[in-house]
Each structure stands twice: as C-alpha cells, then as structure tokens.
2 protein chains.
Amino acid sequence: MKPLHHPRAEDLSIYAVLHALAEPARMTIVRRLVEADGKPCGTFGINLSKSTLSAHFKVLREAGIIRQEVAAGNSRVNTLRREELDARFPGLLDSIVHAVEQSEPALPPV
Amino acid sequence: MKPLHHPRAEDLSIYAVLHALAEPARMTIVRRLVEADGKPCGTFGINLSKSTLSAHFKVLREAGIIRQEVAAGNSRVNTLRREELDARFPGLLDSIVHAVEQSEPALPPV
DNA sequence: CCGTATGTTCGCTGATTGGCGAACACTCGA
DNA sequence: TCGAGTGTTCGCCAATCAGCGAACATACGG
C-alpha cells in the first residue's frame with residue numbers, strides 16, 4: 001500500500017471543503033467519522049460500489065477533510081483532520097455537521 | 001417584473017446551501033450582501049456576463065440563501081435570508097463567511 | 001412612442017461530476 | 001503458493017455545471 005498525498009493544512013481551500021461536503025455519501029462518511037473516528041473504508045455502511053466509494057474518499061482527502069493512512073494488513077484507516085480544519089476554518093466543521101444532523105435522520109447503526 | 005419563487009425556510013437543504021456556496025462568484029455575492037445587504041444584481045462588481053450572473057443568483061435563491069424582490073423600476077433587490085438560515089442552520093453562514101474572509105483577500109470596493 | 005437599462009430565459013459548448021465494472025496491487029491466512 | 005479480502009485506477013456513460021450571446025420582457029425617462 002502506497003501512502004497517499006495529503007494537502008498541507010495551510011493550503012486547504014474553503015471551496016474544496018464545501019464542495020466535498022455538498023454530497024450525501026461524502027457527508028455520511030464524515031458523520032460516521034465524527035461519531036467514531038479511525039475507520040477503514042469498507043465499514044461505513046454506504047451502498048455504493050467500491051470504485052465509487054474510493055473516489056469519494058479521494059475527494060474528501062484532497063479537500064483536506066480526512067486523512068487516509070496505511071493500517072495493518074491492506075486496509076486504510078480514515079481519520080478526520082479535525083485540529084487542522086478547526087485551526088484554519090474555526091467552527092466550520094461543527095456547524096456543518098450539526099446542520100446536517102439536525103435536518104436529516106440519524107444514521108443507522110453500521 | 002414577476003416575483004420569483006423562494007423555497008420555504010423549513011425546506012432548505014444543507015446540500016443545496018453548501019453547493020451554492022462552493023463557487024467563488026456566488027460566495028462573492030454573499031460576501032457583498034454581508035457587508036451591505038439589499039443590493040440590485042448589477043452592483044456586485046463581478047466580471048461575468050449578465051446571463052451567467054443571473055444563473056448564479058438563481059442558484060442562491062433556490063438554495064434559500066438570498067431573497068430577490070421586485071424593487072423600484074425593473075431592478076431586483078437581493079437580500080440575505082439570514083434569520084431563516086440561522087434558525088435552520090445555526091452558525092453555518094457565519095462560520096462559512098468567516099472562513100472565506102480569513103482565507104481570501106478582502107473584496108475590492110465596488 | 002422610442003430608446004435605455006435591468007434581468008430572465010433559451011440554446012449551445014466544454015468541463016466536471018457521480019455512477020459502474022473490470023483489472024490491477026497488495027497483504028494476510030490457509 | 002494460492003485464494004480471499006481490501007482498495008485504487010482506468011475507461012466509459014449520463015447528468016450536471018459554468019460560461020457565453022442572443023432574444024425577450026419590463027419599466028422608466030425623454
């Protein structure tokens with residue numbers, strides 16, 4: 001497993017972040033990470049093909065929202081880049097996640 | 001001038017809001033309204049064609065971010081739907097606008 | 001009534017998006 | 001060594017997006 005490229009915190013674009021979160025499947029990924037950080041790609045309970053999911057993870061990673069690191073075996077652990085996001089865009093992630101939590105049904109258990 | 005359709009506050013979608021704001025020209029419109037609310041379409045200092053601008057206003061309006069009302073003459077006054085947005089998505093608009101203000105140069109005077 | 005000014009709508013275009021399956025890369029266990 | 005499991009990459013496709021000019025609608029002023 002090759003390590004993937006992650007943008008530096010100071011290079012994050014607010015437009016890339018908003019675009020990444022303006023999509024239900026990607027928002028679901030983020031919500032899952034908020035409730036339990038550090039999950040492998042296959043454990044998000046999203047009914048999409050592997051390739052589509054992989055593309056969504058890539059969008060989130062390139063927007064600087066998540067980190068994808070090589071884990072035991074051939075899996076990747078996905079984590080939120082929360083400190084860096086909060087430092088650069090204070091309150092942003094919280095208000096967005098709160099907005100979706102309160103305007104959409106809770107996610108079913110995995 | 002026909003009045004335009006505006007979605008009800010309780011029907012606003014977080015995805016529509018994020019998508020609307022994930023575009024620089026539309027973000028500029030919102031920033032202008034934050035600094036001075038109630039401006040006609042032609043006064044935003046954005047270098048795009050009339051038709052493109054009109055389309056951007058439409059996206060913002062249909063996302064529930066702005067209100068476009070018939071004004072004196074044939075112009076439309078654009079205002080932020082701030083109270084409704086804040087009621088439905090608390091803190092969202094503020095944190096997004098703050099994020100872009102602090103990560104991008106200030107807008108030039110009109 | 002006729003020009004000017006403000007916006008909207010209607011094609012059209014090229015670029016991006018989100019979806020998929022197939023193929024590939026890699027690691028772990030049997 | 002050989003599956004099985006996990007993820008990425010590569011085409012491909014249909015849909016959406018952002019841009020434009022031209023044409024239309026409407027209102028004000030001379």
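Protein chains get the first letters and strands the later ones, always in sequence-line order, with residue 1 at the start of each.
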(request) Output all residues satisfying side-chain contact (heavy atoms from CB on, under 4.5 Å) with A:Pro90, sequence neighbours left out; order by chain, then residue number. (result) B:His98
(message) Does anything in residues 43-69 of chain B form a salt bridge (Lys or Arg N to Asp or Glu O under 4.0 Å)? List the pairs, not counting sequence neighbours.
(response) B:Arg67-B:Glu84
(request) Sort and list the pairs that fulfil ring-ring contact (aromatic ring centres under 6.0 Å, His included) and have at least one residue in residues 25-47 of chain A, not counting sequence neighbours. (result) A:Phe44-A:Phe57
(message) Suppose we screen for side chain to side chain donor-acceptor pair (under 3.5 Å). Which residues come up paired with B:Ser95, at least two apart in sequence or across chains?
(response) A:Ser95
(request) Name all pairs fulfilling the side-chain hydrogen bond (donor to acceptor under 3.5 Å, both in side chains) condition that reach into residues 99-109 of chain A, sequence neighbours left out, sorted by first residue then second. (result) A:Arg31-A:Glu101, A:Arg31-A:Glu104, A:Glu104-B:Tyr15
(request) Name the first nucleotide and the last nucleotide along DNA chain C (5' to 3') that come under 4.0 Å of a heavy atom in chain A. (result) C:dT17 to C:dC28
(message) Checking A:Glu10 now: which residues fulfil salt bridge (Lys or Arg N to Asp or Glu O under 4.0 Å) with it, not counting sequence neighbours?
(response) A:Arg8
(message) Using five pairs at each end of the helix from C:dC1-D:dG30 to C:dA30-D:dT1 to define an axis, what is the angle between those two axes, to 10°?
(response) 10°
(request) Residues of residues 57-79 of chain B with any non-hydrogen atom less than 4.0 angstrom from an atom of DNA chain D: list those, numerically ordered, please. (result) B:Gly73, B:Asn74
(request) Just jot down the side-chain contact (heavy atoms from CB on, under 4.5 Å) partners of B:His56, sequence neighbours excluded, or say none. (result) B:Glu23, B:Ala25, B:Arg26, B:Ile29, B:Leu48, B:Thr52
(message) Applying side-chain contact (heavy atoms from CB on, under 4.5 Å), can you list everything that pairs with A:Val34, at least two apart in sequence or on another chain?
(response) A:Val30, A:Leu80, A:Arg82, A:Val97
(message) Give the residues of residues 13-44 of chain B touching DNA chain C, defined as any heavy atom closer than 4.0 Å, sorted by residue number.
(response) B:Pro40, B:Cys41, B:Gly42
(request) Using a cut-off of strictly less than 4.0 Å, decide whether B:Ser49 has a side-chain nitrogen or oxygen near OP1 or OP2 of D:dC20. (result) yes
